[in-house]
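See below for the structure under consideration.
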There are 2 protein chains.
Amino acid sequence: MYADSARALFRDDLAEGLALLKPLVLPPLARPDGMTTHDYAFNRLRQAIMVGAFRPGTSVTIRGLAEALESSPTPVREALRQLTSIGALQFLENRRIVVPHITPARFEELISLRIALESHAARRAITHLSERQIEKIAAIDDSIETEIRGGDKVAALIANQAFHRMIYTANPDPVAMPLIESVWLQLGPILGIAMEHVTELYVVDRHREAIDALRRRDEGAVADAIAADIREGIGGFDQQAVARLLRLAA
Amino acid sequence: MYADSARALFRDDLAEGLALLKPLVLPPLARPDGMTTHDYAFNRLRQAIMVGAFRPGTSVTIRGLAEALESSPTPVREALRQLTSIGALQFLENRRIVVPHITPARFEELISLRIALESHAARRAITHLSERQIEKIAAIDDSIETEIRGGDKVAALIANQAFHRMIYTANPDPVAMPLIESVWLQLGPILGIAMEHVTELYVVDRHREAIDALRRRDEGAVADAIAADIREGIGGFDQQAVARLLRLAA
DNA sequence: TTTCTGAAAATGTGATCACAAAAAGAGATT
DNA sequence: AATCTCTTTTTGTGATCACATTTTCAGAAA
C-alpha cells in the first residue's frame, strides 16, 4: 500500500488515513463533467474532513494530494487554502499543512456555537418550509435510524447532516448555512476519533420533536429541539462520550 | 489614472473603485517581512472589501489585481479563492469574479445572523474579560465617537469593528470570530454604498450600555445591548436608512 | 440606428519549473 | 546510547506558459 505512491499522502497515521480516505475520497465521487480540477479537489477533501476521515494533527502535502487526485499542485493548493478559510485545515508557520488540533475547551465552544447558529437557522427556516418539505425531512430522519441500526457510522453521520441541512436551507437566503458547515468541518476530525472508539450507536436524537415543532410552526419549540439535539449527540454519537474521549486524547 | 496600468483593475466603476482602493489597499499597508505574497494579497483585499471599497457587482480580475499588487496570478488566485470561501467574493459560472449582489432579503438575513452570532459571542466573552480589557474597550468606544465627529466614515467603521472584535476575542477560543468577520465581509459592499450616499453620521449606538453590562458581568444585558446596537446601526450608519437605500438600488 | 458576425484581446485554468526553507537521514562524535 | 553535523530529500511558494473559453469590438447587413 505504501509503495503504491511515490509520496506519502499523510505524514502521520499513513495507513489509517489512507484506509479512511480511499473509500471516502478516492473512488466513489467521480468528477462530473464541467467541474474544474480545483472544485473537485476542494469538494473531495471537504467531504472527507467533514465525515472524520482525518484525525486532528494529521498533516497533508500538496504534492501528495495532487498525486492522489491525479492532478497538479496548483489547483490542490487553492483547494487547501480555501479549506483553511473555513477552519478545516491550518497552514502552520513552518509551512506544514495540518488538520487543527482540538482542545476540550474548543470543543465546547464549537458545540455551543453550533447551538447558537443552528437554532437561529431553524427559526428562520420555519416560514419557508412547505408541508412536503417537512415530510421529506421526516423521511431523512427515518433513513438516519436505518443507518444507525445498520451500524454504518459514516452513513449515519452523513444522513444526520442531511437532516439538519434540509431544514436550514429551506430559507431562500441561506446565509447561515456556510457558517454552520464551517463548524461541522471543525468538528469533523473529532468525529473521526469517535468513530474509531465508539462501537455502539444510539438512536437518541430530538428529531421527532423537531419535526413535530416544524409542523406546528412553533419557533421556540423548534429551536429548543435543535439545541437539545446538538447538546446530546451527533448522529448516533453520545456527546458526553465524545467529550470524555477528547479529554483523554489531550 | 487609467493609463497608469495596462489592464483595468475593475471592469465596472473603474474610477470609483480605484479611488477607494488606492488609499485603502495600495499605499498604506506595507508588506511586513516574512509575509508571503499570498497573505499580503489576501489581507489587503479582505480589508478593502470589509470597509466597503467595492460595490456589489463589481468584478475583479486575477491579472489586474496581480499587477496592482505587483505580484503574479498564482498567489492572487489563491487569495481570491479564499475570499470566496468566506463569502466576500463569488466565482460565477462564466468564470467572472464578482463582489456578490445583495438583495434586501439577504441584507435582513445577514443582520439577523449578526445578532445571533455576536450576542452569542458577547455572552461567551464575559467571563474572560478583565477590568483592564473593559477599560480598553471603553477607550475604543471613545475613538469611535471621535472619528464620527471628525466625519471620517471609513475610520469610524474600522473603529466600530475594533470595538466589537475586542469584546469577542477575549474568549481564548474565539471560534465565532471568523464567522462573524465573514458576515462583516458580506455586509461590507453595502456599507460602501451607504458611505457614498449618507452624509450624516450618527453617534447613536448602544456601546455605553454594552460596556456597563460588561462591567456588571450581566450576560443577558450584554447580549441585549449588542443585539440592539446591531439592529439600529453600523458604526454611525442608520440601519433603516441603509435598508431603504438597498431597496432603491435593487 | 439596430442587429449580426467574426476576428482579436482578455481571462480563468492548470501544469511545470526554479528557488528557498524545512525535514529527514546518515555518519561521526561524545 | 544519545547528540551533533552535514548532506540529501521533501515541501511550500511564486512566476511563467499554453490552452480553452469568454468577452470585446470593429465592420457588415438589415
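In the text below, chain A, chain B and the rest are named by the order of the sequence lines, each starting its count at 1.
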Nucleotide dA10(C), atom C1' - distance to CD1 of I62(B) in whole Å: 12 Å

In whole angstrom, what separates R81(A)'s CZ from dG14(D)'s P? 7 Å

Could you pull out the closest heavy-atom pair between R124(A) and S112(B), with the gap in Å? NE-OG, 3.1 Å

Do we get R81(A) above F91(A)'s six-membered ring, with its NZ or CZ under 6.0 Å from the centre and within 45° of the axis? yes

If every non-hydrogen atom of A170(A) is compared with every non-hydrogen atom of L129(A), which pair is closest and at what distance? CB-CD2, 3.5 Å

For E78(A) and dG12(D), give me the distance from atom CD to atom P, rounded to whole Å. 15 Å

L69(A) CG to dA15(C) P: how many Å, rounded? 11 Å

Given atom CG of L65(A) and atom P of dT10(D), what is their separation to the nearest angstrom? 17 Å

Does a donor on one side chain and an acceptor on the other come within less than 3.5 Å for Q82(A) and H38(A)? yes

Any T36(B) side-chain N or O less than 4.0 Å from OP1/OP2 of dT13(D): no

Under 4.0 Å between a Lys/Arg side-chain N and an Asp/Glu carboxylate O for R165(B) and E181(B)? yes

Check G52(A) against M195(A) and note the closest heavy-atom contact, atom names and distance. CA-CE, 4.2 Å

Looking only at side-chain atoms of P75(A), point me to the closest of dT13(C), dG14(D), dG14(C). dG14(C)

Whole-Å distance separating the CD1 atom of I97(A) from the P atom of dA23(C): 13 Å

How long is the line joining CG of L92(B) and C1' of dT22(D), in whole Å? 13 Å

Protein heavy-atom contacts under 4.0 Å, written 5' to 3' over nucleotides 16-22 of chain C as B (base), S (sugar-phosphate only) or - (none), form the string B-B-BBS

